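Working notes, structure below.
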Amino acid sequence: MSKKVRVRFAPSPTGPLHIGGVRTALFNYLFAKKHNGDFVLRIEDTDQNRYVEGAEDYIVKSLNWCGIPFDEGPTSTTLSTSSKNEKFGPYRQSERKHLYKQYADQLIAEGKAYYAFDTAEELNAHRKQHEAEGKTFIYNWHNREKGRLVNSLVLSQEETQAKLEAGDDYVVRFKSPQDETLQLKDIIRGDISIDTNILDDKILFKSDGMPTYHLANIVDDHLMEITHVIRGEEWLPSLALHKLLYDAFGWEAPEFAHLPLILKPTGKGKLSKRDGDKLGFPVFPLAWTDPKTNEVSRGYKEDGYFAEAVVNFLAFLGWNPGTEQEIFSLEQLVNDFDLARVNKAGARFDPDKTKWFNHHYMQQQLDLELAAEFQAKNILLKDIDVNYIALVVGLIKERATFVSDFWELSHFFFVSPTDYDEKASKKALKEGTDEILNKVIELVNSTEDFTVENLQANIKGWITDNDIGFGKVMMPLRLALVGALQGPDVFDIMYMIGKAETVKRIDALVKTI
RNA sequence: GCUCCGUUGGUCAAAUGGUUUAAGACGCCACACUUUCUAUGUGGAAUUAAGGGUUCAAUUCCCUUACGGAGUACCA
């Protein structure tokens with residue numbers, strides 16, 4: 001009885017996919033998979049002027065990186081097999097161009113749409129004039145037949161025909177109804193009622209021969225048998241028009257869900273590209289180089305975020321499971337996702353929480369994999385055994401958020417300290433420290449089986465037996481090994497760098513005292 | 001301006017008329033970890049925008065105001 005669920009993500013290729021767009025894609029994907037449905041990628045490139053080279057490719061790569069591949073779309077992906085679909089494709093609106101005109105014509109023939117010949121300049125003039133009078137210019141029944149506008153409703157059939165044959169530029173406008181109240185339904189927001197008198201006669205077909213978004217999206221959603229339209233809140237004001245169009249064609253409309261916006265972390269408005277640069281976090285999944293300006297925008301991937309972390313925090317922007325669980329794998333999200341639990345209000349983006357998610361997912365990664373990544377990013381590690389690096393990573397990753405934090409956290413496992421932190425020295429080096437350290441050298445040297453346990457037993461035993469105080473020994477010892485008062489357990493460090501290096505470093509510090 | 005949508009701590013948010021002195025998380029602060037710490041643990045401060053209703057009872061329903069957001073293109 002119920003049709004197969006089919007949803008679409010329909011970005012336009014005007015640049016890199018914004019993180020808000022990624023969330024829209026994610027919610028579509030989750031909803032589709034939850035209901036064993038299809039997730040379709042459709043490229044809305046009806047505006048050639050705004051087409052940007054590489055944007056479509058970027059969108060596909062981004063979805064794949066996030067692990068939310070589409071089932072149907074313009075190109076095949078590594079993660080998804082079907083690319084062209086006889087029944088529903090093609091998936092670029094520019095390649096579907098031939099489909100749209102007949103639908104516009106159909107509406108004209110039925111008196112539900114009409115030709116309009118007004119130029120952009122004329123319309124601008126009308127808007128300005130209305131504004132000057134404190135009124136709002138609406139191209140609908142208020143004005144369309146008052147004679148100031150040039151369209152097939154005021155022109156005679158012959159005049160209209162003559163203009164068309166003369167090759168005059170024209171657009172097709174939808175004739176929106178007068179004095180009706182529309183009852184609209186949104187899965188997230190519930191019932192919405194709209195007075196049709198405030199609706200514009202929106203352009204369905206542009207003078208360049210391309211449909212507008214409004215026409216194309218209705219035709220395509222119908223032809224592609226889309227059952228649920230899940231999109232950003234910025235489309236809510238267009239919902240009435242879209243419903244009217246479905247009715248005009250006599251088609252069953254899909255269900256709609258309008259997602260809340262993602263807002264700036266501080267200040268006002270929705271999250272924009274500039275915020276990332278200003279506040280120091282990415283707003284794009286992958287880095288993007290603008291083909292015209294060569295300006296580079298950073299991406300989550302390149303900044304060291306794990307895809308799982310990005311997906312997890314994105315899912316929680318506007319949605320929550322209603323339980324205390326916050327860590328969700330993609331599969332768990334698919335299982336628990338529910339549009340009914342999506343919030344209505346816009347969510348402010350929180351970069352700190354994003355980092356916290358990343359820290360969490362960092363702990364789940366395999367040390368060896370992290371080590372390989374760490375090694376690849378540091379020339380100094382080129383010749384070091386990756387297994388040794390993995391052991392180091394195991395000791396320090398709990399205090400790291402990104403792989404790029406590793407070096408600062410672990411350099412002393414690879415190179416001897418060249419200087420000593422001033423504040424730390426003051427704190428650690430006291431009267432008699434040199435004697436203590438010399439004794440520690442003896443203890444280290446006398447530890448035959450050089451293990452963490454033996455070192456600990458020897459040194460801690462000596463400290464307690466002689467009632468010296470841990471701080472007096474451990475702090476200068478740490479300073480000698482690290483060069484500062486930081487890092488993991490000192491015994492772990494000694495074990496890792498080995499007996500000879502340990503002695504060398506302690507001796508080096510003693511010599512500076 | 002007009003239209004629509006929204007409003008629980010600094011942020012994300014739970015609780016959809018009644019064991020709520022309003023969960024939890026991030027962030028912040030304090031303390032602890034008889035050795036550091038950016039980690040971990042424990043604790044703490046901090047919220048129902050305002051005013052009216054409806055009701056025995058309102059964070060929850062209704063109205064007004066304020067504030068926020070979106071839309072208002074031959075852009076999507």
Side-chain angles (χ1 to χ4, degrees), chain A residues 10-14 44-47 49-50 93 116 118-120 123-124 127 130-131 134-138 169-173 184 186 188-189 192-195 197-200 202-208 210-214 216-217 231-240 258 260-261 263 265-266 268-270 313 316-327 343-357 359 363 396-401 405 408-409 424 427-428 460 463 469-479 482 484-491:
Chain A
S12 64
T14 54
E44 310 242 329
D45 54 353
T46 50
D47 185 0
N49 299 325
R50 297 208 310 158
Q93 289 185 327
D118 316 272
T119 65
L123 292 174
N124 271 334
R127 287 197 188 93
H130 274 72
E131 205 177 316
K135 291 190 284 193
T136 307
F137 175 76
I138 308 180
D169 274 355
Y170 70 90
V171 299
V172 176
R173 283 182 183 271
L184 306 171
D186 180 275
I188 295 167
R189 281 149 222 282
I192 300 164
S193 61
I194 298 280
D195 175 4
N197 288 339
I198 53 106
L199 259 30
D200 246 349
K202 280 284 181 233
I203 291 175
L204 302 178
F205 211 81
K206 300 186 273 188
S207 58
D208 65 359
M210 288 292 264
T212 60
Y213 166 84
H214 299 296
N217 115 85
R231 71 220 311 190
E233 189 185 328
E234 66 269 26
W235 293 111
L236 200 50
S238 304
L239 179 58
H258 290 89
L261 263 11
L263 275 15
T266 54
K268 297 175 176 182
K270 65 174 177 179
F313 88 74
F316 270 73
L317 243 29
W319 173 84
N320 78 83
T323 65
E324 289 189 8
Q325 183 181 351
E326 289 204 272
I327 300 301
N343 274 307
K344 298 181 181 76
R348 219 175 263 270
F349 180 78
D350 184 354
D352 281 330
K353 187 109 185 207
T354 313
K355 286 185 181 160
W356 177 81
F357 273 114
H359 174 263
Q363 310 316 310
I396 53 105
K397 73 171 178 183
E398 70 173 19
R399 54 202 71 195
T401 301
D405 296 335
E408 196 186 328
L409 255 18
K427 198 173 165 193
K460 283 192 174 175
I463 293 170
F470 278 87
K472 275 184 166 167
V473 180
M474 303 305 278
M475 285 212 276
L477 182 51
R478 177 178 292 280
L479 185 67
V482 176
L485 292 182
Q486 54 166 263
D489 191 275
V490 281
F491 298 104

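For clarity, every value in this text was computed on a predicted model and none was experimentally measured. Keep in mind that the numbers below use all heavy atoms, side chains included, and drop hydrogens, waters and symmetry copies. Chain A is the first sequence line, chain B the second, and so forth, proteins listed ahead of strands; every chain is numbered from 1.
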* Asked: Please give, in whole Å, the distance from rG6(B) P to Lys344(A) NZ?
  -> 6 Å

* Asked: Considering heavy-atom distances to RNA chain B, does Pro488(A) or Arg189(A) have its closest nucleotide positioned more toward the 5' end?
  -> Arg189(A)

* **Spacing between Arg399(A) atom CZ and rU40(B) atom P, to the nearest angstrom** => 9 Å

* **Euclidean distance, His214(A) NE2 relative to Trp235(A) CH2, rounded to 0.5 Å** => 6.5 Å

* With Ser207(A) via side chain to side chain contact (heavy atoms under 4.5 Å, CB included) - residues at least two apart -> Asp169(A), Val171(A)

* Asked: Over how many whole Å does the gap from His258(A) atom NE2 to rU3(B) atom P extend?
  -> 20 Å

* To do: Assign a letter to each nucleotide of nucleotides 61-76 of chain B from its 5' end: B, base within under 4.0 Å of a protein heavy atom; S, sugar-phosphate only; -, no contact.
  => -------SSSS-SBBB

* Structure fact -> Taking for Gly487(A) and for Phe349(A) the nucleotide of RNA chain B with the nearest heavy atom, the one nearer the 5' end belongs to Phe349(A)

* Structure fact -> Each nucleotide of nucleotides 41-48 of chain B classed B (base within 4.0 Å of a protein heavy atom), S (only sugar-phosphate) or -, in 5' to 3' order, makes --------

* Asked: Under the ring-ring contact (aromatic ring centres under 6.0 Å, His included) test, which residues partner His359(A), sequence neighbours left out?
  -> none

* Between rU35(B), rA13(B), rC37(B), spot the one nearest the side chain of Ala347(A), thanks. => rA13(B)

* Structure fact -> Across all chains, not counting sequence neighbours, the side chain to side chain donor-acceptor pair (under 3.5 Å) partners of Lys472(A) are none

* Does Ala424(A) have any side chain to side chain contact (heavy atoms under 4.5 Å, CB included) partners at least two apart in sequence or in another chain, and if so, which? -> Asp421(A), Leu479(A), Leu485(A)

* To do: Convert the base pairs of RNA chain B into dot-bracket notation, remembering that pairs crossing earlier ones are written with [ ] and that bases paired across to another strand are shown as |; include only Watson-Crick or G-U pairs under 3.5 Å.
  => (((((((..(((.....[.....))).(((((.......)))))....(((((..]....))))))))))))....

Every protein N/O within reach of nucleotides 22-27 of chain B N/O, cut-off under 3.5 Å:
{"residue": "rA25(B)", "atom": "O4'", "partner": "Glu326(A)", "partner atom": "OE1", "Å": "2.9"}
{"residue": "rA25(B)", "atom": "O2'", "partner": "Glu326(A)", "partner atom": "OE1", "Å": "2.5"}
{"residue": "rA25(B)", "atom": "O2'", "partner": "Lys353(A)", "partner atom": "NZ", "Å": "2.9"}
{"residue": "rA25(B)", "atom": "N3", "partner": "Lys353(A)", "partner atom": "NZ", "Å": "3.2"}
{"residue": "rC26(B)", "atom": "OP1", "partner": "Trp356(A)", "partner atom": "NE1", "Å": "3.2"}
{"residue": "rC26(B)", "atom": "O2'", "partner": "Lys353(A)", "partner atom": "N", "Å": "3.3"}

* Structure fact -> Sorted by chain and residue number, the side chain to side chain donor-acceptor pair (under 3.5 Å) partners of Arg189(A) (sequence neighbours excluded) come out as none

* Please state how far atom CG in Asp186(A) lies from atom C1' in rG6(B), giving the value in whole angstrom units. => 13 Å

* Looking at residues at least two apart in the chain, or sitting in another chain, which of them share a side chain to side chain contact (heavy atoms under 4.5 Å, CB included) with Thr266(A)? -> Leu279(A)

* Nucleotide rC37(B), atom P - distance to NZ of Lys397(A) in whole Å -> 23 Å

* Structure fact -> The side chain to side chain contact (heavy atoms under 4.5 Å, CB included) partners of Lys353(A) (sequence neighbours excluded) come to Glu326(A), Asp350(A), Trp356(A), Phe357(A)

* What pairs with Phe205(A) under ring-ring contact (aromatic ring centres under 6.0 Å, His included), at least two apart in sequence or on another chain? -> none

